[in-house]
Amino acid sequence: MAKEITSRAQDYSQWYNDLVLKGGLADYSAVRGCMVIKPYGYTLWENMRDQLDRMFKETGHVNAYFPLFIPKSFLSKEAAHVEGFAKECAVVTHYRLKNDPNGGGVVVDPEAKLEEELIVRPTSETIIWNTYKDWIQSYRDLPLLINQWANVVRWEMRTRLFLRTSEFLWQEGHTAHATKQEAIDETIQMLNVYATFVEDYMAVPVIKGVKTESERFAGAEDTYCIEALMQDGKALQAGTSHFLGQNFAKAFDVKFLNKENQLEHVWATSWGVSTRLVGALVMAHSDDDGLVLPPRIAPLQVVIVPIFKGDEEKGMIENAVAPLMRELKDLGISVKFDNNDNARPGWKFAEYEMKGVPVRIAIGARDLKNNVVEIARRDTKEKSTVPMEGLAFYVKALLEEIQLHMYNRAKKYRDEHITSVNTWDDFKTVLAEKGGFISAHWDGTAETEEAIKDATKATIRCIPLNNEEDNGVCVFSGKPSKQRVLFAQAY
RNA sequence: CGGGAGGUAGUUCAGCCCGGUAGAAUACCUGGUUUGGGACCAGGGGGUCGCAGGUUCGAAUCCUGUCCUCCCGACCA
């Protein structure tokens, strides 16, 4: 068949591409570095987005929308910020095309040059803080808790579907607070929201931590992150939450009058997750037969495949399936009855396995006679025969069991791939032969971090939150260290 | 952005070296037989050979440029 999937062992990168393309999540586009998210992949993103949106609203946030274009001058107002993003910005310089006088289609009209060039947002801190300046006068205006769902553009040299594309979809929360502590609390709260979402809905275990200075967001005081582990032993940053201090408030002159009638700069946070989460989901759970999607966010939770000979049997099966479909839908389960006559059952089995549908129900004449169905779960590929009686409730419970099992399996793998090492030799050996996170002492300097990166391509993914104090010596420099940090090669 | 590979039917690919009417498998359409792990028979439709120039009587094939993709590297989320 056409839809063969490269195995993970043979070529992990190609396996990932195969899953995304053949699983129907996305396609390449005519534009370099930009992808088309197909309906199945977009439904997955919608399910993720909707749940996150609920969680943001439960924690008091509201949505708004800010412009795609940012005046060039805004970007340079915060020194570290411009430093971090300048090299990957798309710039709009003209506002009109005209017919080519030489007959070559349309060309940019040189007369239509913009007075001030516009940047296509790589992130929205600058335009948002320029706006917040007008919205905030008093402590009564605080906290300001706003999120936006948007697309952003970062001009990437090397792209990969979902993991790194020039344009991607994300949400960015931008909040303003009266006190430093309140802003820090917000930063941590949103980190926890992300961790809860990724673990409970995506079934991907994460480590919460804080970034070192060199991995910090451009313009932040502290960057908190959740780090996940992929099946090839590489880490993936799944979400970040930044404590911005007063950096943007000072750059954009955002001040408020406190209760004592004194002017102060506000304290800020920003936090985001992107369509990159789809890539994380794919690489965390899937196998050589295709996608494996967690029930809570799968575009389709259950598929029913009829097996019949002739119209009479087909009709009997349809009669039996109709009430089952109703019961499943009443329980909030998404279900599809695939009675397409063109494809045979075996073809359908393979197809829905490729697409990662968590539960497949097969019903044939033999089953009708015995009042049972065959249920196959995608995560373990186990098949079992289950009575029709109470089937909807059985399926509901099974979906929850699959969700839990997927998380536990991923967590077991992750936990087995956190290795404590105390020597530089062990560090290199473990990284080369086993991969995953390496827990090691670090002397706290950017120089050592850089040297380790140059030698091994591994970076410090994070300093885990609530890290134990553990006196030792740096695995690279031998200098004293108070705690272990997590290293890994990363996406 | 550097190195390597590639772009021909919806898809996977052959044809290119050595220029001469664009092929296969699969998918698709019609009819029939089928249906418990990617069915079979018969008939049928479908491609400006990525795009643009050039060489030539003639270009998928040779030359130049350009766009898109993959892998590796640098950079970065």
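Each chain gets a letter, A, B and so on, in the order the sequences are listed, and its residues count up from 1.
Under the 30°/60° scheme for interplanar angles, the aromatic rings of A/F248 and A/F252 are found to lie parallel.
Close to B/rA39, at under 4.0 Å from its OP1 or OP2, lies a side-chain N or O of A/R344.
Along RNA chain B, the nucleotide nearest A/V31 and the nucleotide nearest A/G310 are compared for position; the residue whose nucleotide lies closer to the 5' end is A/G310.
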Worksheet entry | salt bridge (charged side-chain N to carboxylate O under 4.0 Å, His left out) evaluation trace for A/R378 with A/D287 | CA-CA 10 Å; A/R378 180 62 183 89; A/D287 62 26; 2.7 Å; yes

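Remark: A/F487 pairs with A/F427 by the ring-ring contact (aromatic ring centres under 6.0 Å, His included) rule, at least two apart or across chains. Remark: A/H61 engages A/W271 in a ring-ring contact (aromatic ring centres under 6.0 Å, His included) (not counting sequence neighbours). With sequence neighbours left out, A/F217 forms a ring-ring contact (aromatic ring centres under 6.0 Å, His included) with A/H81, A/F85, A/H242.
Residue A/E353 is in base contact, counting any heavy-atom pair closer than 4.0 Å across all strands shown. Residue A/R32 is classed as a sugar-phosphate contact, given heavy-atom separations below 4.0 Å to backbone atoms only.
Residue pairs meeting the side-chain hydrogen bond (donor to acceptor under 3.5 Å, both in side chains) criterion with at least one partner in residues 154-168 of chain A, sequence neighbours excluded, are A/N151-A/E167.
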Just the atom pairs and distances: protein N or O near nucleotides 44-52 of chain B's N or O, under 3.5 Å.
none

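Nearest nucleotide to the side chain of A/M354, out of B/rG36, B/rG38, B/rG37: B/rG38.
When both distances must be under 3.5 Å, the Watson-Crick or G-U wobble mate of B/rG31 is B/rC41.
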Response to the item:
Quick tally for nucleotides 71-77 of chain B: nucleotides whose base has a protein heavy atom under 4.0 Å get B, sugar-phosphate-only ones S, the rest -, giving SBBB-BB

